[in-house]
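All values below were derived from every heavy atom in this structure, side-chain atoms included, with hydrogens, water molecules and symmetry-related copies excluded.
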Amino acid sequence: MTSDLRRQLILSAAKRCFARHGFAGTTTKSVAAAASISEGLLFKHFPTKSALYAEILAEECEADPAFAELLGLEPSTETLVVLIRGMVHHFLHASDLPDQEEAQRLRLMMTSQLDDGEFARLLYEKIGDLIGPVFTASLERAVAAGDATRIGREPLNLFWFAHHTVLMAALSRLPTVPCLTYANAADLERQVCEFILRGIGLNETAIAFHLDRELSLLPGQKVTAEGA
């Protein structure tokens, strides 16, 4: 069996285990047993449980047709707004999903950052590799078109600032009784989008034009950018 095929078999077995038992309840030993291999062989492909889980999440993102469509968009101001709006919508509604799967991932992400950071570090690396090029190229196009002002010399930092902003907003909503209840919740998504878009340098004209178009669409009509 080739190394690539073995890797895919391990991932398939791990998906079943994580779906049935969650992250905490799954062990590398149980994944190895489900894949009919030794735990030592599993470690040759994935050194830790966190590495295995992060790889599964990255594969799910890449296999999502909406996400693939986003990554295939031509870099532009509009693409930049689509990305930010999608990220904001995804995080702010993470705790609304009935299966709570995404909410559990957010909890795992924060727990990792308070612990050894391994899972968070792996996932940030994969998110940066997948979405970073689209974000930075679109921001460059926005600057060139006069829709944005260049801020600093590291455009990818602006993506992480945006990601962390909406991540923290989402975390406050995870408990059954939210830690913080924002006023005028109906307008919250737009307000967060405007805050982030201004922060990464977009001017008011570009924000009003592109964001109004995005928010006028019903959920599911546009691709959304998912993250951890």
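L11 has its side chain out of reach of H45: every pair of non-hydrogen atoms, C-beta onward, lies at least 4.5 Å apart. Looking at heavy atoms from C-beta onward, L167 lies out of side-chain contact with W160 at the 4.5 angstrom threshold. Taking the side chain as every heavy atom from C-beta outward, T136 and L139 never approach each other to under 4.5 Å. Taking the side chain as every heavy atom from C-beta outward, V134 and L73 never approach each other to under 4.5 Å. Counting only heavy atoms from C-beta outward, the side chains of F135 and I200 approach each other to under 4.5 Å. For the pair K126 and L57, the minimum side-chain heavy-atom distance is 4.5 Å or more.
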Q: Test V81 against L202 for side-chain contact (heavy atoms from CB on, under 4.5 Å), laying out the working first.
A: CA-CA 9 Å; V81 176; L202 261 67; 3.9 Å; yes

Q. Between I131 and F67, is a side-chain contact (heavy atoms from CB on, under 4.5 Å) present by the stated rule, with each step listed?
A. CA-CA 10 Å; I131 306 177; F67 192 78; 3.7 Å; yes

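Note on L114: it does not cluster hydrophobically with Y53, by side-chain heavy-atom contacts below 4.5 Å among ILVMFWY residues. Taking hydrophobic clusters as Ile, Leu, Val, Met, Phe, Trp and Tyr residues chained together by side-chain heavy-atom distances below 4.5 Å, L122 does not share a cluster with F159. No continuous path of ILVMFWY side-chain contacts below 4.5 Å connects V143 to L211, so the two sit in separate hydrophobic clusters. Taking hydrophobic clusters as Ile, Leu, Val, Met, Phe, Trp and Tyr residues chained together by side-chain heavy-atom distances below 4.5 Å, F209 does not share a cluster with I207.
Distance check, rounded to the nearest 0.5 Å: CG of L158 to CG of L197 gives 11.5 Å. In this structure, the separation between CG on L123 and CE on M109 is 4.5 Å, given to the nearest 0.5 Å. Of the inter-residue distances, the one linking H164 atom NE2 with Y124 atom OH reads 4.5 Å to the nearest 0.5 angstrom. To the nearest 0.5 angstrom, Q8 atom CD is 10.5 Å from S3 atom OG. Atoms SG and CG, from C193 and L188 in turn, are 9.0 Å apart once rounded to the nearest 0.5 Å. Put simply, NE2 on H210 and CG on L80 are 9.5 Å apart, with the number rounded to the nearest 0.5 Å.
L174 and L106 make their closest contact through CD1-CB, 4.0 Å (heavy atoms, listed as atom of the first residue, atom of the second, distance). Contact detail for T28 and L42: the closest heavy-atom pair is O-CD1, 3.8 Å. Looking at every heavy atom in both residues, N203 comes nearest to A148 through ND2-N, 4.1 Å. Among all heavy-atom pairs drawn from L9 and A35, the shortest one is O-CB, 4.3 Å. R7 and E55 get closest at one heavy-atom pair: NH2-CD, 3.5 Å. Closest approach of S138 and P75 over heavy atoms only: OG-CA, 3.4 Å.
Listed for the S112 side chain is no donor-acceptor partner under 3.5 Å among the backbone atoms of L108. Using a distance-only test at 3.5 Å, with no hydrogens or angles considered, no donor-acceptor pair links the side chain of K15 to the main chain of I56. With R173 contributing its side chain and L92 its backbone, the two residues share a donor-acceptor pair below 3.5 Å. A donor-acceptor distance shorter than 3.5 angstrom exists from the side chain of T79 to the backbone of E74, with no hydrogens or angles considered.
In this structure, Q191 places its CD atom where only 12 or fewer heavy-atom neighbours from other residues, nucleotides or ligands lie under 6.0 Å away. Around CZ of R150, the count of heavy atoms belonging to other residues, nucleotides or ligands within 6.0 Å does not exceed 12. Residue F43 qualifies as enclosed at atom CZ: its count of foreign heavy atoms under 6.0 Å is above 12.
Taking the six-membered ring where tryptophan is involved, the planes of F119 and F23 are tilted, since the angle between them lies from 30° to 60°.
Between E194 and R190, at least one side-chain nitrogen of the basic residue sits less than 4.0 Å from a carboxylate oxygen of the acidic one, meeting the salt-bridge criterion.
Side-chain contact check for E102 and H93: no donor-acceptor pair (N or O, by modelled atom type) lies under 3.5 Å.
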